[in-house]
Amino acid sequence: MSEAPRITLELFGVPRLRAGVARVPLVAGSVAEALDELGRVCPGLVDSVLFEGRLHPAYLLNLNGERFLTSDQDVGAVSLRDGDSLLLMAADVGG
Amino acid sequence: MPFGYHGCYLRVNASTGESDRVPLRENELRRFLGGVGLGTWILARETPRGVAPLGGDAALVVALSPLVGSPLTTSAKFAVLAISPLTGRLCDALSSSRFAIAAKRAGMDALVVRGARDVPSLLFIDGQGGSGGPARITWKPAGDLWTLPARRAEALIRERHGTDWQVLAIGPAGEALIPFATLSHDGRHAGRGGLGAVLGSKRIKAVAVRGDRRAELADPSRVVALARELSARSFGPATAKYRELGTVANLLVFNRLHALPTRNFGSGHFEAAEKLTEEELGPARKIARSSCAACTIGCEHIYAVSGGDGDGGGDGSGVRLEYESLYALGPLCGVDDPGAVLRAASLCDELGVDTITTGGTIALLMDCAERGWLKEDRLPSGRRLRFGDGEAVSEAIEAAVAGEGLGAWIALGSRRAAERIGGEAPGRAMHVKGLELPGYDPRRLPTMALGFAVGTRGADHNRSGGYEADFSSASVRERTATSIAAAAIETEDKAALIDSLILCKFLRGTLVDLHEESAAMLSAVTGWDVSADELRELARRIVTLRRCLNEREGWSREEDTLPAALLEDGREIADHSLTAARLDSLIAEYYRLRGWSEMGRVPETLRLALDLVEGLDPCAP
């Protein structure tokens with residue numbers, strides 16, 4: 001049985017502030033698994049950025065700096081590969 | 001007269017010292033609303049075609065809105081408009097806080113200033129007492145206030161004449177007619193396009209307002225209910241970024257996405273960005289968090305300034321630092337020293353210059369110096385102007401306002417400085433229509449690129465929120481020209497509405513449906529039966545009117561573009577997809593969806609369809 005992919009979750013802005021770290025190495029085969037794992041590793045994000053394993057709409061994910069994931073469907077459907085980076089940031093990106 | 005308005009604007013002739021009250025009809029107010037909408041319409045009426053931006057005929061307009069003075073959060077805002085001395089095109093800038101409230105209480109929906117004083121002066125507009133009649137204007141010599149930073153002048157005016165006055169002032173840059181001088185109130189700035197120079201050309205140091213005339217609300221209890229509900233939402237996760245970190249939080253995100261313009265757009269990634277994070281700026285340096293009047297978000301983060309003689313506040317208590325200032329005085333100039341960036345930002349505040357244009361022009365000269373294109377690349381101290389030298393940035397800012405040596409070139413802004421340098425320099429000046437690009441690298445952001453290119457005031461991330469579409473679920477590569485153009489139009493129209501209401505764009509994440517919610521607020525304030533569709537059309541009308549005014553002032557198709565250096569193939573930016581041909585196709589699609597001609601001109605049929613008809617169309621040929 002192959003190992004689940006090793007990915008990096010990069011935190012920006014308020015998630016970085018609340019987690020106290022900029023990068024979290026995770027083992028996760030999907031974005032949903034990554035968020036579950038993130039909540040366990042960084043409890044400061046639970047009930048502020050993560051709610052029951054899902055991302056609050058005020059935040060969004062980007063995969064490898066190329067593709068933004070903003071809907072629950074994306075989160076559930078996207079599988080991850082070894083070496084992927086998930087970027088977690090405010091949905092209000094500019095300003 | 002609808003609720004929420006006074007039904008007039010005050011027109012001041014600085015040459016004669018006289019003023020008159022110009023009525024505003026209900027159909028005019030309903031079609032242009034307030035802020036940038038009403039302000040553009042008034043500016044077009046009050047400004048002769050082809051006016052010299054710093055001439056006596058030039059008008060400076062301050063436009064309020066029906067929401068000013070209401071309990072709705074972030075509503076204490078005003079727009080300032082003129083033909084920009086930097087671009088020669090319409091410039092509208094927004095600012096916030098008590099000046100808006102006091103100006104509305106002075107009994108006007110807008111203020112127009114034309115003409116010029118013989119000597120540096122202060123303009124007092126007193127709407128207090130007097131049985132509710134027109135505000136009384138008084139002129140006083142500026143005296144020892146001339147040459148002071150705006151913030152210091154403001155403090156002295158309030159100290160000498162009473163703290164019930166609210167003051168809009170210029171600094172030394174406005175007095176010196178620097179074409180990117182700011183107008184300032186309470187440490188906040190109407191920054192872009194040189195509106196401070198327009199007031200300076202009239203030899204007016206400051207405008208002070210006060211009053212007790214209230215514009216009544218149609219349904220006060222409904223307004224209060226809407227205000228409570230909006231305020232509650234404004235405290236939530238959607239605004240957490242602004243409250244807890246401020247806009248400086250954007251820097252690392254943009255850097256990671258290779259959208260952080262670095263060293264005059266030589267790259268979209270700054271290798272030293274981690275040195276400029278909020279963790280590095282504060283907590284050691286952070287003094288306070290603040291907010292505008294009537295704002296529940298509180299996005300202002302104030303940092304201590306160490307070293308130098310910069311006065312970042314009236315009491316030396318620090319400088320408000322936003323992402324755009326951090327980018328323009330930091331990575332754009334290759335500077336990674338947070339202390340140096342804060343000193344430079346503080347100097348810009350003290351002298352009264354726009355940080356984006358300042359940083360953009362200095363970065364251009366650094367670029368030209370490193371390429372060997374400048375005959376003289378030394379600042380007055382003898383220091384060479386080079387990327388990465390934070391002290392050189394501060395010295396360059398002072399030299400610009402003093403007009404010393406290389407500083408005299410910086411004081412031109414990047415377009416004119418590049419023309420003066422000649423050769424290939426104009427291709428490296430990062431502006432659109434003369435207004436320097438803000439901190440979004442358009443090579444990675446096609447909707448933002450389009451928004452920059454077609455923007456009426458130039459390269460502008462506030463009148464176009466194109467980046468919202470670029471930072472979305474679709475990969476850049478999958479998006480068609482039609483989808484990009486449609487998204488650019490949507491963000492422009494939304495910005496036009498928000499900037500005419502006037503509310504803060506940082507509320508956008510809290511609004512479920514901008515048009516429906518705005519209609520509800522407007523109806524409660526004015527008593528009008530406003531629909532979401534009416535507001536969509538109003539937004540299109542305002543965007544179109546702004547285009548019409550620029551056309552009247554000589555705009556041509558060639559101006560809707562991006563700097564040549566950003567459209568070359570084979571740049572350092574990874575996987576960029578912006579070429580001249582692609583940009584032209586986006587612009588063509590934008591024109592088509594707007595209903596404009598192939599050359600971007602507004603047809604008569606569209607003017608009629610948008611009610612820009614006789615009496616309402618000040619730009620009619």
Side-chain angles (χ1 to χ4, degrees), chain A residues 7-24 31-32 35 39 42 44-52 54-78 83-95, chain B residues 233 236-259 269 274 277-279 283 297 299 322-324 438-440 444-445 448 461-462 464-478 491 504-510 512 574-575:
Chain A
I7 68 146
T8 302
L9 208 146
E10 300 177 37
L11 302 171
F12 297 90
V14 168
R16 174 166 160 154
L17 181 69
R18 299 234 174 106
V21 291
R23 284 180 178 74
V24 182
V31 170
L35 292 180
C42 299
L45 298 180
V46 175
D47 293 337
S48 63
V49 177
L50 298 168
F51 289 84
E52 295 175 357
R54 289 184 172 178
L55 209 55
H56 188 282
Y59 300 96
L60 63 82
L61 289 169
N62 175 288
L63 181 59
N64 295 326
E66 289 297 326
R67 181 181 165 197
F68 284 89
L69 314 174
T70 56
S71 69
D72 286 342
Q73 185 178 13
D74 279 342
V75 169
V78 176
D84 275 347
S85 288
L86 271 179
L87 285 53
L88 172 54
M89 64 190 74
D92 193 355
V93 182
Chain B
R233 280 189 270 159
T239 56
K241 177 182 92 171
Y242 301 113
R243 193 165 42 253
E244 298 187 35
L245 293 166
T247 58
V248 297
N250 293 343
L251 187 108
L252 279 189
V253 174
F254 289 10
N255 195 52
R256 179 62 175 86
L257 298 174
H258 289 256
H269 183 84
E274 286 281 349
T277 60
E278 208 280 335
E279 291 99 324
I297 297 175
C299 71
E322 300 293 340
Y323 165 69
E324 291 296 337
Y440 299 75
R444 298 283 289 177
L445 307 169
M448 190 77 265
H461 67 295
N462 278 322
S464 168
Y467 58 82
E468 294 177 43
D470 294 323
F471 296 133
S472 71
S473 59
S475 161
V476 167
R477 278 190 291 272
E478 295 165 11
T491 72
C504 181
K505 293 189 185 72
F506 293 171
L507 281 176
R508 58 195 161 200
T510 71
V512 176
D575 190 34

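Within every chain, numbering begins at 1; the chains are lettered A, B, ... in the order of the sequence lines, protein sequences first and strands thereafter.
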*Looking only at non-hydrogen atoms, find the nearest pair between B:Y242 and A:G94 and report the distance.*
OH-O, 3.5 Å
*asked:* Which heavy atom of B:N250 sits nearest to which heavy atom of A:V93, and what is that distance?
replied: OD1-O, 2.9 Å
_Atom pair OH (A:Y59) and NZ (B:K241), whose distance is rounded to the nearest 0.5 Å_ = 10.5 Å
*Nearest 0.5 Å, what's the CZ-CD distance between A:R18 and B:E244?*
4.0 Å
*Is the side chain of A:D92 donor-acceptor paired with the backbone N or O of B:G509 at a distance under 3.5 Å, no angle test?*
no
*Close side-chain approach of A:F68 and B:L257, heavy atoms under 4.5 Å*: yes
*Pick one of side chain, backbone, both or neither for A:L87, based on which atoms fall under 4.5 Å of a heavy atom in chain B.*
side chain
*Looking only at heavy atoms, which two atoms of A:S85 and B:R256 are closest? And how far apart?*
CB-NH2, 3.7 Å
*Check each atom of A:A91 against the heavy atoms of chain B and say whether the ones under 4.5 Å are side chain, backbone, both or neither.*
neither
_Note: B:E274-A:R16 ion pair, threshold 4.0 Å (strictly below)_ = yes
*Closest heavy-atom pair and its distance - A:G65, B:R444*: O-NH2, 3.7 Å
*Of the non-hydrogen atoms in B:V253 and A:F12, which two are nearest, and what is the gap between them?*
CG2-CB, 3.6 Å
